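Sequential numbering from 1 along the given sequence is applied to the chain's residues. Nothing here was measured: the structure is a model prediction, and the numbers come from that model.
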Amino acid sequence: VCIAGAESCTPGTPTAEICNQIDDDCDGIIDEGNVCDTTNPQVIIISPQNITYNTQTILFNFTLNEPGNCMYSLDNGVTNYTMTANPSNTEFNATNSSIADGQYTVRAYCNDIFGNRNDTESVTFIKDTTPPIITCPANIIVECTLPGGQSVNIGTATATDNIDSILSISNNAPSLFNLSQTNVTWLASDNAGNNASCVQTIFVRDTTPPIITCNKSINFTQGQEITLPQPNVSDLCSLNITISNNIPSQFPIGLTKII
């Protein structure tokens with residue numbers, strides 16, 4: 001090996017420079033090339049981020065400020081996963097499709113080429129690919145009591161989720177229900193964007209007959225021209241009421257009942 005500061009190697013041959021205060025490669029320079037680097041590399045976790053993912057595959061992407069090597073762990077180093085480096089050994093990628101739904105903290109374990117280590121960087125994320133479970137209110141049959149649409153208290157759907165305790169629940173119910181069957185779709189969404197739906201049936205029926213009040217009996221003589229007034233009618237559900245009767249074209253002498 002070379003004595004510190006020597007310009008030639010006597011005895012021995014040049015070797016790779018290491019941090020030892022000796023000119024190992026015989027170039028007249030001691031410990032060049034950052035061989036005495038004791039600074040830990042800087043790690044940036046690009047992915048995952050501190051958000052909720054609803055994808056099956058999670059991408060892990062780290063960068064270093066100098067060449068080195070990185071692994072990641074989801075259990076504080078008990079199990080470490082290898083990562084693929086780019087040509088300059090400064091960017092590292094891996095994917096994992098076997099992670100179950102839940103909350104995780106990913107920690108980066110990275111070394112530079114001099115063995116300096118950084119394991120202080122971590123990110124907490126959530127994986128949620130499971131939709132909520134939603135239960136619709138009971139189907140409803142209601143009697144029509146107003147013309148132009150019926151107001152109905154349809155109740156509220158309930159929903160649960162494997163991750164989130166607070167869910168968004170919505171429906172497409174109209175403000176007033178027409179005389180017929182209406183299907184109301186309820187939708188539950190969790191924070192990851194997973195959705196579940198169910199359908200509630202609202203049936204508005206009209207089984208109440210209208211109310212009709214006939215006019216008083218009319219007496220008239222044979223040959224007299226008469227005009228019969230319309231009866232008074234009303235209905236809870238409809239403004240369009242059809243009125244008919246059995247008035248003959250000519251009235252015979254005597255009593256005629258008009259229905």
Tell me if a side-chain donor or acceptor on [X] pairs with a main-chain N or O of [Y] at a distance below 3.5 Å.
{"X": "Asp101", "Y": "Thr129", "value": "yes"}
{"X": "Asn178", "Y": "Ser180", "value": "no"}
{"X": "Lys127", "Y": "Asn54", "value": "no"}

With the side chain counted from C-beta on, respond yes when [X] and [Y] share a heavy-atom pair under 4.5 Å apart, and no when they do not.
{"X": "Asn80", "Y": "Tyr109", "answer": "yes"}
{"X": "Leu187", "Y": "Ile169", "answer": "no"}
{"X": "Asp161", "Y": "Asp128", "answer": "yes"}
{"X": "Thr90", "Y": "Asn65", "answer": "no"}
{"X": "Ile45", "Y": "Phe60", "answer": "no"}

Subject >> Charged N-O contact under 4.0 Å between Arg107 and Glu121 >> reply: no

Subject >> ring-ring contact (aromatic ring centres under 6.0 Å, His included) contacts in which one or both residues fall within residues 119-163, not counting sequence neighbours >> reply: Tyr104-Phe125

Original post:
Any chance the side chains of Asn50 and Thr124 put a donor and an acceptor closer than 3.5 Å?
Top reply: no

Run the side-chain donor-acceptor check on residues 145-152: report pairs under 3.5 Å with partners two or more places apart or on a different chain.
{"residue": "Thr145", "atom": "OG1", "partner": "Gln150", "partner atom": "OE1", "Å": "3.2"}
{"residue": "Thr145", "atom": "OG1", "partner": "Gln150", "partner atom": "NE2", "Å": "3.0"}
{"residue": "Gln150", "atom": "OE1", "partner": "Thr145", "partner atom": "N", "Å": "2.8"}
{"residue": "Gln150", "atom": "OE1", "partner": "Leu146", "partner atom": "N", "Å": "3.3"}

Subject >> Partners passing ring-ring contact (aromatic ring centres under 6.0 Å, His included) against Tyr81 (at least two apart in sequence or in another chain) >> reply: Tyr72

Original post:
Got a sec: does the CD1 of Ile46 have more than 12 other heavy atoms crowding it under 6.0 Å?
Top reply: yes

Original post:
Taking it one step at a time, do Asn93 and Asn61 satisfy side chain to side chain donor-acceptor pair (under 3.5 Å)?
Top reply: CA-CA 5 Å; Asn93 290 282; Asn61 176 233; 2.8 Å; yes

